[in-house]
Enquirer: 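One structure follows; several queries about it will come next.
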There are 2 protein chains.
Amino acid sequence: MSKGPKQAIYSEFATVARALGSQHRLEMLEHLAQGERGVEALATRVGLSVANTSQHLQHLRRAGLVASRRDGKFVLYRLADIGVLGLMASLSAVAARNLAEVERIRLAYFADRDGMEPVSREELLQRTRDGLVTVLDVRPADEFAAGHVPGAVNIPLGELEARLAGLDPDREVVAYCRGPWCVLSFEAVAALRARGYTARRLEDGLPEWQAAGLPLERGTFEGGR
Amino acid sequence: MSKGPKQAIYSEFATVARALGSQHRLEMLEHLAQGERGVEALATRVGLSVANTSQHLQHLRRAGLVASRRDGKFVLYRLADIGVLGLMASLSAVAARNLAEVERIRLAYFADRDGMEPVSREELLQRTRDGLVTVLDVRPADEFAAGHVPGAVNIPLGELEARLAGLDPDREVVAYCRGPWCVLSFEAVAALRARGYTARRLEDGLPEWQAAGLPLERGTFEGGR
DNA sequence: CAGACATTCAACATATCACTTGAATGATGT
DNA sequence: ACATCATTCAAGTGATATGTTGAATGTCTG
């Protein structure tokens, strides 16, 4: 089929790239970056049928992007390699820099981006050391339990309005979620600002925090439910 | 079509990834990393028809991976962004780490890889400063003319046997070509070793050298044809 | 302006991909 | 062993991608 080793190698690379070439699979990778997930749990989160999700996962596995293990009757998938996060970061960087459409969507959705300047990881570390900010994790409770920024408070976005009492209005809030393109923290910041809070986003999500070698805190699964 | 901004953004990212998801387009990007090229010149190099090449290029352009400009009756394409090289590097890193097939091809083709340990850029810089090595650029003369490692000698692979006289047998030769997956330098090293030379490959090719911010030398188009 | 030439477009055949549905597999627990 | 449940497989349909061919576009040259 292919003439030389170069063709064969590039053909393999193309397989990996094709596996990334689907909106749904990219979204699945974002979720898997939060931690292991079973097929059905993933299917629910990305809004696809179980069978379809399973096939996408196998596509990703053939491309070497995810790995799986069996645990009882569940098959748990995870990113095959921390490098997959870096690959997605490169992909988004190139797309954001060269596709006008990406910038257009950002502006259209996040109208008041002037005040949205994200907080860098270094800045957040500095300010938590100084005790100046409340770190807010707006992901679902199970993702929080699997690992979060040390000292962070978990209020899933859907419960934010109901649990505002847990947030000191006099402290700046820095919210984060799954990654640089996850909308949860954007919406949390918008909601908090509407209530008079001083709030900003962390530049990336938890997976990037972890990939940067910064410490995680686990457990502390307060909420039940 | 897509529900939220996240879906829309990921859909754009997927477009970029799909553009990378073709053996031929990846090969075209490797060539464009050497410098601007017209459609027909590229078509010849990758072995595709002109019309087909043109369509692939437009696919790449829509994905923001290449840009073009008109020069007389030629349309010259180039990488849109130096980040595209980084994206390809991430892609190949993930593929090499997670796909057994990639390693298999490497081993099958480059049987004696033990002695093939590549030279790093830093090591090459050090050894050229010390005057210990001949740097050999085995790419075609026009690519050499568009930019090469300072002090390098250009002997296109096809002319290597005929021009061995130009290489001092007592100096180590470090050969490089288009990139980490370009076979020219592998074959040059094998040929030189068969003739008794001490020869090794540079770990990457010229585009990576340039991307690392190292100096280039231009012109010196000695050979004519 | 006419001819030459590089590139792009349009239309087509073939192959691959995405998603659905319903059945098959494989591990668990009674 | 049997029933249960998560996951995977298989088959089918509509959509998308690839590569070919021949014509159209647009720019330079004479």
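A, B, ... follow the sequence lines: proteins, then strands. Residue 1 opens every chain.
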Enquirer: From CE of B:M28 over to C1' of D:dT18, roughly how many Å is that when rounded to an integer?
Expert: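 It works out to 13 Å between those atoms.
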
Enquirer: Taking only N and O in the side chain of A:Y77, is any of them less than 4.0 Å away from OP1 or OP2 of D:dA6?
Expert: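 For D:dA6, OP1/OP2 do not have a side-chain N/O of A:Y77 under 4.0 Å.
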
Enquirer: Return yes if a side-chain donor-acceptor contact under 3.5 Å exists between B:R61 and B:S68, otherwise no.
Expert: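 Short answer, yes.
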
Enquirer: Give the residues of residues 48-67 of chain B touching DNA chain D, defined as any heavy atom closer than 4.0 Å, sorted by residue number.
Expert: B:S49, B:A51, B:N52, B:Q55, B:H56, B:H59

Enquirer: Nearest to the B:F74 side chain among C:dT7, C:dC5, D:dA6, which nucleotide is it?
Expert: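 Within the option list, the nearest is C:dT7.
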
Enquirer: Under 6.0 Å between ring centres, would you say that holds for A:F13 and B:W181?
Expert: yes

Enquirer: Are A:S54 and A:Q58 close enough, and set up right, to give a side-chain hydrogen bond (donor to acceptor under 3.5 Å, both in side chains), and what steps lead you there?
Expert: CA-CA 6 Å; A:S54 174; A:Q58 284 167 69; 3.0 Å; yes

Enquirer: Between B:E30 and A:K6, is there a salt bridge with N-O shorter than 4.0 Å?
Expert: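 Here A:K6 pairs with B:E30 in a salt bridge, since their nearest N and O are under 4.0 Å apart.
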
Enquirer: Judged by each residue's nearest nucleotide on DNA chain C, which is more toward the 5′ side, A:H24 or B:V75?
Expert: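 Its nucleotide being nearer the 5' end, the pick is B:V75.
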
Enquirer: A:K73 has an atom NZ; how far is it from atom C1' of C:dG29, in whole Å?
Expert: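 Distance check: A:K73 NZ to C:dG29 C1' gives 8 Å.
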
Enquirer: Whole angstroms only, please: what is the CD-C1' distance between A:E40 and D:dT8?
Expert: 14 Å

Enquirer: Measure from CG on A:L76 to C1' on C:dG26 and round the result to the nearest Å.
Expert: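 Going from CG in A:L76 over to C1' in C:dG26 covers 16 Å.
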
Enquirer: Can you tell me how far C1' of C:dA6 sits from CD of B:E36, to the nearest Å?
Expert: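 Answer to the nearest Å: 16 Å.
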
Enquirer: CZ of A:R69 versus P of D:dT7: gap in Å, rounded?
Expert: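 Computing the A:R69:CZ to D:dT7:P distance gives 13 Å.
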
Enquirer: Against the six-membered ring of B:Y77, is B:R37 placed for a cation-pi contact (under 6.0 Å from the centre, within 45° of the normal)?
Expert: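 Verdict for B:Y77: no cation-pi partner in B:R37.
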
Enquirer: Atom CD of A:Q210 and atom CG of A:L216: how far apart are they, to the nearest 0.5 Å?
Expert: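 If I round to the nearest 0.5 Å, the distance is 4.5 Å.
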
Enquirer: Atom CD of B:E27 and atom C1' of D:dG19: how far apart are they, to the nearest Å?
Expert: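 Between C1' of D:dG19 and CD of B:E27: 16 Å.
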
Enquirer: If I take atom CZ in residue A:R70 and atom P in nucleotide C:dG26, what distance separates them, rounded to the nearest angstrom?
Expert: 9 Å

Enquirer: Which one, C:dT7, C:dT28, D:dA17, comes nearest to the side chain of B:R18?
Expert: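 Among C:dT7, C:dT28, D:dA17, the one nearest the side chain of B:R18 is D:dA17.
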
Enquirer: Could you walk me through whether B:D204 and B:Y176 pass the side-chain hydrogen bond (donor to acceptor under 3.5 Å, both in side chains) check?
Expert: CA-CA 7 Å; B:D204 294 316; B:Y176 73 88; over 6 Å; no

